[in-house]
Structures are given as structure tokens and as C-alpha cells.
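FYI, the numbering just counts along the sequence from 1. Remember, it's 1-based here, ligands and their atoms both numbered in the order they're listed.
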Amino acid sequence: MSDEFQKRVEDAIKNPKNMGEMADADSIGTVGSANCGDMLRVWLKYKEDGGRKVIDKASFQSFGCETAIAAASLAMELIRGKTAEEAMTMSGEELAADLGPLPPTKVHCTSLVENALRDALAPKPEQSDAAPTATQLQSNSNLMDDFTESSRKKGGVKLVFLDEDSEKKA
Ligand code: FES
């Protein structure tokens, strides 16, 4: 890993932005990496802006490496003001562009961010204007709580594990 890349990661995680769960989120996405076992959850809140539905706030929690945290921090800033469709077109590399060129061993870290974001951005049948369901409210809990609960009783967390092929393509 180059010194320059490491310094950019360290700068980004010194003061990570938008870290933590969001109680009033409109949408949530959670993924895990089959590569390293790390997990990331993204919360999104939308607002109307000139007739467009754009991302007002985005936050994340991570059980992941420094690169994933740095990339998520940068990505949450970058997607603000974009529509879901616009944000959906952004690759992990674009979301973490400020980190500079990624070492090959760290590409999957930005894929984790991209895929958690895509999971949150994707329209879900149960996400309508109706009040959130009990399942949705449960999945809006803290990632650590879900992980702990999942360990206690298997199947407690909604987690999409990416296979290595999908991470390489991302
Ligand atoms: Fe797993 Fe970076 S090493 S996300």
C-alpha cells in the first residue's frame, strides 16, 4: 500500500463524517463481504428539491477496515443532493475518488460501500409511503445490536453477503 494512499485514508478517518445510525431513515442497506467478513450498513433520508426526490442525509456504520470507513465517509458526503438514480450509477471507485488510486487489495473495501449504498437505494416493495413495518423498524437498529442479536439467535440480521465474483465486478 502506498504511503500516499495510507495518508489519505488516515486523513479521512481522523474525522469520519456521517457515522452512526439514523432513526428517521427512509431506506437502509446492509452488506457483508465474503472476502474479509466485514460489514457495512447505510441509512438514507430523502427530501423534495425542486420537484426532485434527492438524498438529504446519509449515514453509515461499519465493522470494517480503515479503507471501508474512509470510503464510506467520503461517499456519504458525495451522494447528498443526488437522486437515487444518480447515486446508483456511481461506482465504488468514484465514491472513494478522493482516496486516489486503490491498491488491488483494497478494491473490495470500496465495493462494500458501493453495494451497501445500492442496497439502500434499490426500491424495495415494502418501502412505500405507508408507515414502516415492524421488520423495517427492527432493521433500523444499530449494526452492533443486530450483529450481537444475530450471534445469539441465528438469522436475526438482514445481511446480504456478496460473493467474490460480484465484488470483483463492482
Ligand atoms: Fe474488508 Fe476492507 S478489508 S472491507
Side-chain angles (χ1 to χ4, degrees), residues 1-22 25 27-45 55 57-80 82 84 86-122 124 138-170:
M1 199 180 322
S2 76
D3 288 348
E4 195 178 334
F5 175 77
Q6 185 59 38
K7 183 173 175 346
R8 286 184 175 147
V9 169
E10 284 170 12
D11 285 348
I13 63 169
K14 262 186 204 152
N15 183 22
K17 296 191 170 74
N18 310 303
M19 201 151 73
E21 67 257 51
M22 192 190 299
S27 175
I28 303 160
T30 307
V31 294
S33 169
N35 243 330
C36 62
D38 290 343
M39 296 196 295
L40 190 85
R41 177 168 290 172
V42 169
W43 286 263
L44 298 176
K45 181 79 182 166
I55 297 166
K57 293 187 289 183
S59 70
F60 74 98
Q61 278 189 332
S62 172
F63 288 156
C65 70
E66 290 181 345
T67 303
I69 294 169
S73 174
L74 295 170
M76 299 303 107
E77 290 290 295
L78 212 55
I79 61 172
R80 194 175 297 154
K82 295 192 185 312
E86 289 166 347
M88 190 71 102
T89 63
M90 299 184 76
S91 68
E93 206 174 341
E94 288 171 316
L95 290 165
D98 283 353
L99 295 179
L102 296 168
T105 55
K106 292 296 177 184
V107 170
H108 81 276
C109 311
T110 58
S111 297
L112 193 71
V113 175
E114 177 188 335
N115 287 302
L117 187 57
R118 285 177 188 271
D119 190 40
L121 290 166
K124 297 181 176 72
Q138 185 184 353
S139 68
N140 195 15
S141 61
N142 183 291
L143 186 56
M144 174 63 102
D145 293 344
D146 273 2
F147 187 71
T148 307
E149 180 67 10
S150 172
S151 305
R152 208 167 54 77
K153 63 169 193 194
K154 291 213 182 310
V157 63
K158 176 187 171 271
L159 185 64
V160 179
F161 272 97
L162 308 168
D163 61 39
E164 289 186 29
D165 287 343
S166 71
E167 288 191 64
K168 283 177 192 150
K169 278 184 232 151

**Student:** Between D119 (side chain) and T30 (backbone), is there a donor-acceptor pair under 3.5 Å?
**Tutor:** yes

**Student:** Thinking salt bridges, do D11 and K7 make one under a 4.0 Å N-O criterion?
**Tutor:** yes

**Student:** Quick one: does ligand 1 sit under 4.0 Å from the side chain of D38, the backbone, both or neither, non-hydrogen atoms only?
**Tutor:** side chain

**Student:** For ligand 1, which atoms have a heavy atom of C36 less than 4.0 angstrom away?
**Tutor:** 1 (Fe), 3 (S), 4 (S)

**Student:** Thinking salt bridges, do E10 and K14 make one under a 4.0 Å N-O criterion?
**Tutor:**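 A salt bridge is absent here (no side-chain N lies under 4.0 Å from a carboxylate O).
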
**Student:** Quick one: nearest non-hydrogen protein atom to atom 3 (S) of ligand 1, plus distance?
**Tutor:**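 Answer, as residue, atom name and distance: H108 NE2, 3.3 Å.
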
**Student:** Are E66 and ligand 1 in contact, using a heavy-atom cut-off of under 4.0 Å?
**Tutor:** no

**Student:** So, does E77 use its side chain to make a donor-acceptor pair with the main chain of L74 at under 3.5 Å?
**Tutor:**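 Looks like no, no N/O pair under 3.5 Å.
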
**Student:** List every atom of ligand 1 that sits less than 4.0 Å from any heavy atom of C65, numbering the atoms from 1 in the order shown and giving each element.
**Tutor:**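 In order of numbering, the contacting atoms are 2 (Fe), 3 (S), 4 (S).
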
**Student:** Mind checking whether atom 1 (Fe) of ligand 1 has an N, O or S of C109 under 2.8 Å?
**Tutor:**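 Looking at C109, which is the residue asked about, there is no N, O or S atom under 2.8 Å from atom 1 (Fe) of ligand 1.
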
**Student:** Is there a donor-acceptor pair closer than 3.5 Å between any side-chain N or O of S27 and the backbone N or O of A120?
**Tutor:** yes

